[in-house]
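In this chain, residues are counted from 1 in sequence order. Hydrogens, waters and symmetry mates are skipped; everything else that's a heavy atom, side chains included, is used.
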Amino acid sequence: MPVHIPVFLNEILEKFSPREGEWYIDCTTGEGGHSLAIAKLVAPHGRVLSIDADPHSLEVFKENVKREGLENVVIPRNGNFANVAEIAKGNDFVRPNGILFDLGFSSWQLEKSGGGFTFQKNEALDMRFDRKDEELQTAGDIVNHAPREYLEHIFREYGEEGRAHQIAEAIIKERRMKEIETTGDLVNVVSTVIPFRGRINPATKVFQALRIAVNRELESIEHGLEGALSIAGKGTVIAVISFHSLEDRIVKQTFKKWATEDRGENLTKKVIKPQYEEVKRNPRSRSAKLRLFKV
């Protein structure tokens with residue numbers, strides 16, 4: 001399967017400057033765009049520890065690794081990036097040259113996983129990156145059973161939805177009559193509050209909020225960054241690609257805090273945004289932001 005060109009690939013390779021024999025961790029490998037590019041530069045004696053929470057994405061990645069002949073360079077591991085420190089220590093992979101977090105998710109997850117991430121298909125409301133993780137509530141669990149106050153909170157805080165109160169009320173009213181089972185059901189409820197206008201689906205922010213809540217994404221970012229710092233060595237560069245303001249705010253504040261604590265240098269006091277050519281080639285990159293910290 002072809003690997004999609006990842007966001008900020010040139011910038012990551014420039015800032016990391018991978019060389020033969022070096023070690024890197026890709027905390028969110030997906031289909032492996034960043035991992036494979038780095039692996040080719042550190043081969044044959046370097047290593048890349050590639051982590052992903054989605055078992056299917058990891059299987060696709062392993063196929064790509066085999067196709068590129070990099071099995072002796074890449075170490076694929078299934079796990080959440082929040083646990084990067086534990087995974088790294090378990091694989092004797094501390095003090096790497098660089099650690100990368102790409103907080104976006106793949107087009108496969110969005111369009112073909114059947115996980116209920118998109119309103120363009122009528123699918124069960126799940127939204128777990130790893131559907132074998134029984135500790136996580138599904139989006140359906142939250143929509144059908146969470147209190148109104150919690151629904152309103154996540155829509156406002158995680159989705160930055162201005163009509164969070166009205167949407168929560170509409171969901172409560174609907175679920176009293178029947179369970180909200182599919183993405184289509186949820187879109188229909190939201191559209192009673194926000195009518196369709198233009199090309200943007202009125203449920204976009206609600207879907208974002210539910211995905212973040214289901215996968216505990218913001219909490220995972222905080223844990224993952226602290227974990228990365230704990231296994232970093234002198235000179236390790238930590239790079240984070242985020243896609244919305246909530247993620248970027250956590251990264252910005254964390255890097256600023258580390259700098260004031262003299263833990264290293266904040267390399268991006270001004271956030272890096274994608275070049276025009278990249279946005280033109282890959283419209284999904286338009287909201288991406290890159291920040292870097294050097295230990």
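Ion pairing of Glu261 with Lys257 is present here, as a side-chain N (NZ or NE/NH1/NH2) and a carboxylate O approach within less than 4.0 Å. Electrostatic pairing of Glu179 and Arg175 does not count as a salt bridge here, judged by no charged N lying under 4.0 Å from a carboxylate O. A salt bridge links Glu59 with Lys62: the closest approach of a Lys/Arg side-chain nitrogen to an acidic carboxylate oxygen falls below 4.0 angstrom.
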Fill in: Chi angles and distances behind the salt bridge (charged side-chain N to carboxylate O under 4.0 Å, His left out) call for Glu152, Arg148
CA-CA 6 Å; Glu152 184 176 343; Arg148 179 190 57 75; 2.8 Å; yes
Discussion item. Between Glu160 and Lys205, is the salt bridge (charged side-chain N to carboxylate O under 4.0 Å, His left out) condition met? List the steps.
Written reply: CA-CA 7 Å; Glu160 300 178 296; Lys205 294 179 178 180; over 6 Å; no
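Separation of atoms CD (Glu63) and NZ (Lys66) is listed at 9.0 Å; rounding is to 0.5 Å.
Side-chain contact between Trp23 and Val42 is absent, with no heavy atoms from C-beta onward closer than 4.5 Å. Under the 4.5 Å side-chain criterion, counting only non-hydrogen atoms from C-beta, Ile180 is in contact with Ile171. Pro96 has its side chain out of reach of Tyr24: every pair of non-hydrogen atoms, C-beta onward, lies at least 4.5 Å apart. Looking only at side-chain heavy atoms (C-beta outward), Ile142 and Ile154 come within less than 4.5 Å of each other.
Residues Thr182 and Asn122 have side chains that bring a donor and an acceptor to within less than 3.5 angstrom of each other. No side-chain N or O of Ser191 forms a donor-acceptor pair with one of Asn188 less than 3.5 Å apart. Of the N and O atoms on the side chains of Glu222 and Thr254, not one donor lies less than 3.5 Å from an acceptor on the other residue. Remark: the Arg77 side chain and the Asn91 side chain contain an N/O donor-acceptor pair separated by less than 3.5 Å.
Using cut-offs of 30° and 60° on the angle between ring planes, the pair Phe81 and Phe101 is perpendicular.
By the 6.0 Å contact criterion, CD on Glu135 is open, its count of non-hydrogen atoms from other residues, nucleotides or ligands being 12 or less.
A distance-only check finds no donor-acceptor pair linking the side chain of Glu226 to the backbone of His223 [under 3.5 Å].
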